[in-house]
Student: 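Sharing a structure below in structure tokens format, with a few things to ask.
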Amino acid sequence: MELPQMPELMGLSLLLGLLALMATAAVARGWLRSEEETCSRSAGQKANGLPRDKSLRSKKQKQHQRIRKEKPQQHNFTHRLLAAALKSHSGNISCMDFSSNGKYLATCADDRTVRIWSTKDFLQREHRSMRANVELDHATLVRFSPDCRAFVVWLANGDTLRVFKMTKREDGGYTFTATPEDFPKKHKAPVINIGIADTGKFIMTASSDTTILIWNLKGHVLSTINTNQMNNAHAAISPCSRFVGSCGFTPDVKVWEVCFGKKGDFQEVVRAFELKGHSAAVHFFAFSNDSRRMASVSKDGTWKLWDTDVEYKKQQDPYLLRTGCFEEASTRPCRLALSPDAQVLALASGSNIHLYNTRRGEKEEFFEQVHGECITDLSFDITGRLLASCGDRAVRLFHNTSGHRAVVEEMQGLLKRAFNESTRQRLQQQLTQAQEALRSLGALKK
């Protein structure tokens with residue numbers, strides 16, 4: 001048997017040994033690098049006094065807290081006719097209501113508060129307000145009582161009415177106290193509007209299905225109205241407290257009379273009249289202060305002004321006085337407000353406001369991007385000199401120059417036909433006041 005040669009065996013052994021040393025060195029180098037990284041991480045954690053996982057968690061918490069502390073910026077808006085901006089709410093305002101005596105404005109927001117503003121401060125530099133807290137909920141709708149000693153709200157989560165009584169303090173402020181029990185839950189769909197009759201005899205609530213409920217002040221349902229309009233877009237009580245109107249999917253506005261006896265006892269709700277003339281769904285409607293005029297805006301892209309001072313019990317229909325074009329209504333929902341004297345119509349679409357003269361049907365003013373969100377409410381004050389709107393965290397008040405111009409036009413026309421000297425003096429005084437108001441706002445046309 002022949003054995004292999006020694007030099008060849010030695011060469012093979014040296015090669016194998018060299019390969020083994022190289023592999024060991026590579027493994028050792030990788031282990032040392034991982035050890036160094038681990039040591040450096042642990043040293044950094046010790047410097048912060050926290051374990052690594054807790055350190056990362058604390059950084060994330062700080063970043064989250066920093067994000068939460070950053071409040072959304074208030075929408076900035078300026079215009080030559082902007083009279084004031086009321087800014088005390090920390091949440092978006094959904095509804096507002098002027099008191100019948102003209103002294104207060106109530107606003108409610110999703111910050112769980114209702115604020116009562118003094119209207120005499122509107123044109124001052126500072127705007128004072130009193131706060132009423134809505135416990136464990138927030139209000140979406142608010143309405144003053146006729147005597148201005150209470151207000152009612154619709155609760156977003158509770159889906160019911162809550163009454164707050166206003167008690168005057170010695171310092172001139174008010175204490176707000178919620179009544180012990182809320183109204184019972186009756187609606188099966190979201191409520192879109194509430195109202196209190198100026199006579200104080202009933203309360204109305206309307207939901208987005210086809211239901212309108214008439215309540216007494218103690219929380220008992222007097223009557224249920226089925227509007228048969230597929231859905232309700234808006235409902236309201238007339239200023240005279242005789243009527244309740246509604247609009248929705250159908251191209252008309254339906255109006256009912258709420259009847260009471262001579263002793264003030266409820267009798268029935270009967271159909272009074274309808275506003276017929278639109279060719280598509282009606283978004284919104286409003287009454288004038290004397291309930292003798294109504295305005296409506298429809299998806300057909302028009303607004304209409306109506307004479308509702310008719311003998312509806314003799315089947316006399318309302319008269320159409322004016323039709324105007326408003327293309328924005330054909331593509332998106334909108335709201336309207338009618339001035340107390342029915343001379344000016346304000347239309348809101350998105351965050352824009354348009355003012356129309358109802359005598360001529362012409363647009364006179366346009367306010368663009370008034371709020372950072374869509375406008376949620378629009379209303380004239382009881383004098384008609386100011387127009388209020390809300391949509392974000394502020395209420396913005398505008399001088400109603402269109403109303404002053406309408407007074408100038410009306411007084412000039414009446415002066416031409418007046419022969420009695422005392423009548424002429426009275427008309428001339430009103431004309432001069434309107435012209436002075438326009439001149440002070442830089443809106444008097446030469």
Side-chain angles (χ1 to χ4, degrees), residues 74-87 96 98-99 102-105 107 117-129 286 288-289 295 303 305 324 326 335-349 351-371 375 377-392 394-415 425-446:
Q74 182 75 278
H75 177 70
N76 292 321
F77 172 82
T78 57
H79 194 278
R80 61 184 178 83
L81 296 181
L82 181 65
L86 312 182
K87 300 177 181 179
M96 58 187 177
F98 285 99
S99 62
K103 293 182 178 181
Y104 304 107
L105 172 68
T107 57
W117 308 80
S118 175
T119 57
K120 68 180 181 181
D121 296 335
F122 282 174
L123 301 183
Q124 305 299 321
R125 297 190 64 180
E126 294 185 2
H127 307 116
R128 296 176 297 171
S129 67
S288 63
N289 196 45
W303 60 263
L305 182 70
F326 188 61
R335 309 178 67 89
L336 66 78
L338 188 61
S339 64
D341 59 4
Q343 300 275 28
V344 181
L345 178 66
L347 289 160
S349 175
S351 60
N352 303 329
I353 299 175
H354 311 250
L355 291 185
Y356 287 83
N357 179 302
T358 58
R359 293 168 65 89
R360 292 180 276 101
E362 298 175 0
K363 184 193 291 189
E364 292 200 342
E365 300 289 352
F366 174 58
F367 308 128
E368 188 175 13
Q369 295 182 349
V370 177
H371 296 278
I375 292 171
D377 208 353
L378 191 68
S379 178
F380 287 93
D381 74 333
I382 65 169
T383 67
R385 295 173 186 154
L386 295 173
L387 172 68
S389 68
C390 62
D392 44 25
V395 174
R396 290 189 166 82
L397 300 159
F398 296 90
H399 293 287
N400 181 17
T401 53
S402 298
H404 293 307
R405 291 193 196 101
V407 171
V408 170
E409 293 175 11
E410 184 180 17
M411 294 303 107
Q412 288 174 341
L414 291 174
L415 275 170
Q425 289 180 358
R426 178 175 53 82
L427 295 175
Q428 185 61 50
Q429 183 180 9
Q430 294 182 47
L431 174 61
T432 303
Q433 289 175 347
Q435 289 174 333
E436 286 297 326
L438 288 171
R439 186 177 290 108
S440 66
L441 297 170
L444 183 64
K445 295 181 179 178
K446 296 181 180 180

Student: Please determine whether side-chain contact (heavy atoms from CB on, under 4.5 Å) holds for the pair W303 and L345, giving the CA-CA distance in whole Å, both sets of side-chain angles, and the decisive distance to 0.1 Å.
Tutor: CA-CA 9 Å; W303 60 263; L345 178 66; 3.4 Å; yes

Student: Side chains of F326 and S349: does their closest heavy-atom pair fall under 4.5 Å?
Tutor: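 Yes. Closest side-chain heavy atoms under 4.5 Å.
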
Student: Look up atom CG in D341 and atom CG in N289, then write down how far apart they are to the nearest 0.5 Å.
Tutor: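 D341 atom CG to N289 atom CG measures 9.0 Å (nearest 0.5 Å).
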
Student: Can C390 and D377 be said to form a side-chain contact (heavy atoms from CB on, under 4.5 Å), step by step?
Tutor: CA-CA 6 Å; C390 62; D377 208 353; 3.5 Å; yes

Student: State the CG-CG distance between L338 and L347, to the nearest 0.5 angstrom.
Tutor: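 Here the rounded value is 10.0 Å.
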
Student: Taking all heavy atoms of A342 and all of L305, pick out the closest pair and write down the distance.
Tutor: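 The pair with the smallest heavy-atom distance is O-CD2, 4.4 Å.
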
Student: Any chance you could measure D121, atom CG, to E126, atom CD, to the nearest 0.5 Å?
Tutor: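 Those atoms lie 9.0 Å apart.
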
Student: So for atom CZ, which belongs to R335, do other residues, nucleotides or ligands contribute more than 12 heavy atoms lying within a distance under 6.0 Å?
Tutor: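 Yes.
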
Student: Parallel, tilted or perpendicular: which fits the ring planes of F366 and H354, with parallel below 30° and perpendicular above 60°?
Tutor: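 Plane angle between 30° and 60°, so tilted.
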
Student: Looking at every non-hydrogen atom in both residues, tell me the closest pair between Y356 and K363 and how far apart they are.
Tutor: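 It is OH-CE, 3.4 Å.
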
Student: Where is the tightest heavy-atom contact between A443 and T401, given as atom of each residue plus distance?
Tutor: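 For A443 versus T401, the nearest heavy atoms are CB-CG2, 3.9 Å.
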
Student: To the nearest 0.5 angstrom, please state how far the CZ atom of F398 sits from the CG atom of L82.
Tutor: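 Here the rounded value is 5.5 Å.
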
Student: Could you go through the side-chain hydrogen bond (donor to acceptor under 3.5 Å, both in side chains) check for E409 and Q343 one step at a time?
Tutor: CA-CA 11 Å; E409 293 175 11; Q343 300 275 28; over 6 Å; no

Student: Answer yes or no: is there a side-chain heavy-atom contact under 4.5 Å between L387 and L355?
Tutor: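 L387 reaches L355 side chain to side chain.
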
Student: Do any N or O atoms from the side chain of T119 and from the backbone of K103 form a donor-acceptor pair under 3.5 angstrom?
Tutor: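 Such a contact is found between T119 side chain and K103 backbone.
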
Student: If we only count heavy atoms from C-beta on, is the E368 to N352 side-chain gap below 4.5 Å?
Tutor: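 Side chain of E368 against side chain of N352, heavy atoms only: contact under 4.5 Å found.
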
Student: Would you say that H79 contacts H399 through its side chain, given a criterion of any heavy-atom pair below 4.5 Å between the two side chains?
Tutor: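 A side-chain contact under 4.5 Å is absent here.
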
Student: Atom CZ of residue position R439 - does it have more than 12 heavy atoms of other residues, nucleotides or ligands inside 6.0 Å?
Tutor: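 Correct, the count exceeds 12.
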
Student: Closest approach of A434 and V408, non-hydrogen atoms and distance?
Tutor: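 Shortest heavy-atom contact: CB-CG2, 3.7 Å.
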
Student: Out of curiosity, S339 OG to D381 CG, how far, rounded to the nearest 0.5 Å?
Tutor: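 Between atom OG of S339 and atom CG of D381 there are 10.5 Å.
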
Student: Shortest non-hydrogen contact from L441 to R80?
Tutor: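 Minimum heavy-atom contact is O-NH1, 4.5 Å.
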
Student: Would you say that S351 contacts V370 through its side chain, given a criterion of any heavy-atom pair below 4.5 Å between the two side chains?
Tutor: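 In short, these two side chains do not touch, never coming nearer than 4.5 Å.
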
Student: Which atoms form the tightest heavy-atom contact between M96 and S379, and what is the distance?
Tutor: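 Minimum heavy-atom contact is CE-N, 4.0 Å.
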
Student: Between L431 and V407, is any pair of side-chain heavy atoms under 4.5 Å apart?
Tutor: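 No, their side chains stay 4.5 Å or more apart.
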
Student: With rounding to the nearest 0.5 Å, note down the distance linking CD in E410 to CG in L415.
Tutor: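 Answer rounded to 0.5 Å: 11.0 Å.
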
Student: Before accepting this row, confirm whether a basic side-chain N of the pair E362/R405 lies closer than 4.0 Å to the acidic partner's carboxylate O.
Tutor: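 Between R405 and E362 there is no salt bridge, as every charged N stays at least 4.0 Å from the carboxylate O atoms.
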
Student: For a 4.5 angstrom cut-off between non-hydrogen side-chain atoms, does L105 reach L86?
Tutor: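 With C-beta onward as the side chain, the pair touches.
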
